[in-house]
*Asks:* 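My questions will all concern the structure given below.
Since the model is a prediction, treat every value here as computed from it, not as a measurement.
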Amino acid sequence: MKEQNTAKGVFLVAIGASSFGMLASFVKLAYAQGYTTAEVTLSQVLIGLICVTLINVLRKKSSDEQKATSKDIRQLILAGTSMGFTSVLYYMAVSYIDASIAVVLLMQSVWIGIVLDSIATKTFPNLLKIISVILILSGTVLATNVLFSEIKLDIRGVIFGFMAACSFATTLFASGRIANHLAAPKRSMFMLCGAATIVSIFVIITQIGPNNSDAMMSFYTMFSDNTSGIRDFDWSIFYGWGLILALFGTVLPPIFLNMGFPLTGVGLGSIISSLELPASVTVAFFVLKEEVIFIQWMGILMILGAIVLMNSNLLFKKKKIEVVE
């Protein structure tokens, strides 16, 4: 029975991670149809918030389920703002660089998370984590192929991609420590409220505001000379790509990951969730026809290997417990 539950957990985590991995390619396709970053991010977050809210309303609540306090709600909304920043920054990165490169940069959240944890606990990372960080950084050099090819990486995309990784690491760090006594759908709903706030502000500053106010247009042009996205908001994104992006980015991943992680455990679950990286690169290769050469696949394998190595203690500990039982 335990093996069946573990296999089920692996399957659920794999679906959740793979779903999230497809996002960058879908965003690229939405961009190709003329949609802006503001339209893509707002549609995904708002549709996702509506879906998660409906799940909370319709789901059967247990008798011993705890209610969210005002402190819980404030903390979750604040933590959710990093989700909004992640979406905005990641999708801006995708607008400048290949989807396969953007997801590699996003995976830097693994070693950034190690740094954040070390700062929070005031402890120096052990040798295993240091080796994992070196492998991730080395794998990133190979996976982005900056040393051995003529691939031109737009520095803006690289900066936005790294900033997205920092924001994503903050999201993971905060979500694992805030209001864990609440049901996962309820926590997701409040965090999405925070994400929706950040994305709404971004939409007003970069598109709706400059399109309707000369003063905001002047303010916008102080930071960017790209005014191609400043036009009336195209609401058709909500019944087109917005539905797909919300499904694969905001609805399916948290549901499947929250269902799968309790069955797999943290160590195995973390390893399986890293399927996001090869899933994203594979979809970009077949759907967007992005070039992914052998040395890049070697870099991706190094990053995946680092994630396995970093969680090896948890895996061995789990096996030891099972033997004792």
Side-chain angles (χ1 to χ4, degrees), residues 20-45 82-109 112 137 139-169 171 195 198-199 201-203 205-207 210 220-231 233-234 237 241-242 244-245 248-249 276-277 279-293 296 299-300 303:
F20 192 74
M22 299 177 187
L23 268 183
S25 293
F26 293 150
V27 172
K28 277 282 191 182
L29 292 173
Y31 284 160
Q33 292 187 6
Y35 292 112
T36 65
T37 302
E39 291 161 352
V40 167
T41 51
L42 185 65
S43 62
Q44 177 188 326
V45 172
S82 63
M83 291 177 60
F85 281 117
T86 300
S87 295
V88 169
L89 294 168
Y90 185 44
Y91 293 166
M92 289 180 70
V94 170
S95 68
Y96 291 111
I97 56 179
D98 287 350
S100 55
I101 303 299
V103 73
V104 170
L105 293 173
L106 186 65
M107 291 300 289
Q108 304 309 300
S109 59
I112 295 171
L137 294 175
T140 300
V141 172
L142 296 179
T144 53
N145 200 24
V146 294
L147 299 179
F148 307 103
S149 77
E150 298 179 356
I151 293 179
K152 294 182 179 179
L153 292 179
D154 192 311
I155 188 63
R156 293 171 295 182
V158 174
I159 292 173
F160 285 134
F162 182 73
M163 290 173 65
C166 293
S167 183
F168 189 48
T171 301
I198 294 300
V199 171
I201 294 173
F202 172 77
V203 172
I205 292 175
T206 63
Q207 186 166 340
Y220 178 87
T221 52
M222 289 173 59
F223 301 94
S224 175
D225 57 359
N226 182 13
T227 58
S228 60
I230 299 177
R231 53 171 173 72
F233 194 93
D234 190 346
I237 185 75
W241 284 108
I244 297 174
L245 293 170
F248 285 93
E276 171 195 339
L277 178 55
S280 180
V281 175
T282 301
V283 172
F285 177 77
F286 286 107
V287 176
L288 302 179
K289 309 300 180 183
E290 291 184 359
E291 183 183 14
V292 185
I293 61 177
Q296 289 177 279
I300 291 169
I303 295 173

*Asks:* Answer yes or no: is there a side-chain heavy-atom contact under 4.5 Å between Ile101 and Val158?
*Replies:* no

*Asks:* Do Gln108 and Leu137 pass the side-chain contact (heavy atoms from CB on, under 4.5 Å) test, and can you show the C-alpha distance, the side-chain angles, and the key distance before you say yes or no?
*Replies:* CA-CA 8 Å; Gln108 304 309 300; Leu137 294 175; 3.8 Å; yes

*Asks:* Taking the inter-plane angle between the rings of Phe168 and Phe20 on a 0 to 90° scale, is it parallel (under 30°), tilted (30 to 60°) or perpendicular (over 60°)?
*Replies:*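 Rings of Phe168 and Phe20: parallel, as their planes differ by under 30°.
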
*Asks:* Would you name the heavy atoms of Gly299 and Leu142 that are closest together and state the gap between them?
*Replies:* CA-CB, 3.6 Å

*Asks:* Return the minimal non-hydrogen interatomic distance between Gly242 and Ser43, and the atom names on each side.
*Replies:* CA-OG, 3.4 Å

*Asks:* Decide yes or no on side-chain contact (heavy atoms from CB on, under 4.5 Å) for Leu105 and Ile97, but give the supporting numbers first.
*Replies:* CA-CA 11 Å; Leu105 293 173; Ile97 56 179; 3.6 Å; yes

*Asks:* Should we say atom CZ of Phe26 is surrounded by more than 12 heavy atoms from elsewhere, each under 6.0 Å from it?
*Replies:* yes

*Asks:* CG of Asp234 to CH2 of Trp241: how many Å apart, nearest 0.5 Å?
*Replies:* 14.0 Å

*Asks:* Please report the interatomic distance OH(Tyr220) to OG1(Thr206), rounded to the nearest 0.5 Å.
*Replies:* 6.5 Å

*Asks:* Side chains of Phe233 and Leu42: does their closest heavy-atom pair fall under 4.5 Å?
*Replies:*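 The answer is yes, as the side chains (C-beta and beyond) meet within the 4.5 Å cut-off.
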
*Asks:* Between Gln296 and Glu291, is there a side-chain donor-acceptor contact under 3.5 Å, judged purely by atom types and distance?
*Replies:* no

*Asks:* side-chain contact (heavy atoms from CB on, under 4.5 Å) for Leu106 and Glu276? Distances and angles first, verdict last.
*Replies:* CA-CA 10 Å; Leu106 186 65; Glu276 171 195 339; 3.6 Å; yes

*Asks:* Please report the C-alpha distance between Leu89 and Phe162 in whole Å, then the side-chain angles of each, then the deciding distance to 0.1 Å, and finally whether the side-chain contact (heavy atoms from CB on, under 4.5 Å) criterion is met.
*Replies:* CA-CA 9 Å; Leu89 294 168; Phe162 182 73; over 6 Å; no

*Asks:* Would you confirm whether Ser280, through its side chain, and Gly21, through its main-chain N or O, come within 3.5 Å as a donor-acceptor pair?
*Replies:*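 Confirmed, Ser280 side chain pairs with Gly21 backbone.
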
*Asks:* Short question: side chain of Asp98, backbone of Ser100 - any donor-acceptor pair under 3.5 Å?
*Replies:*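 Looks like no, no N/O pair under 3.5 Å.
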
*Asks:* Can you give me the closest heavy-atom contact between Leu23 and Gly249, atom names plus distance?
*Replies:*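 Closest approach of Leu23 to Gly249, heavy atoms only: CD1-CA, 3.5 Å.
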
*Asks:* Among all residues two or more places apart in sequence or in another chain, which pass the side chain to side chain contact (heavy atoms under 4.5 Å, CB included) test with Thr37?
*Replies:*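 Thr37 satisfies side chain to side chain contact (heavy atoms under 4.5 Å, CB included) with Tyr31, Thr41, Tyr91, Met92, Phe202 once adjacent residues are dropped.
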
*Asks:* Show the nearest heavy-atom pair for residues Lys28 and Val94, with the distance to one decimal.
*Replies:*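 Residues Lys28 and Val94, closest heavy atoms: NZ-O, 2.8 Å.
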
*Asks:* Would you name the heavy atoms of Ala93 and Gly157 that are closest together and state the gap between them?
*Replies:* CB-O, 3.5 Å

*Asks:* With no hydrogens and no angle check, is any side-chain donor or acceptor of Thr86 less than 3.5 Å from a backbone partner on Ser82?
*Replies:* yes

*Asks:* Side chains of Arg231 and Thr36, heavy atoms from C-beta outward: is any pair under 4.5 Å?
*Replies:* yes

*Asks:* Grab the two heavy atoms, one from Glu290 and one from Ala99, that are nearest each other, plus how far apart they are.
*Replies:*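 So the minimum-distance heavy-atom pair works out to OE2-N, 2.9 Å.
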
*Asks:* With rounding to the nearest 0.5 Å, note down the distance linking OG1 in Thr282 to CE in Met22.
*Replies:* 9.5 Å

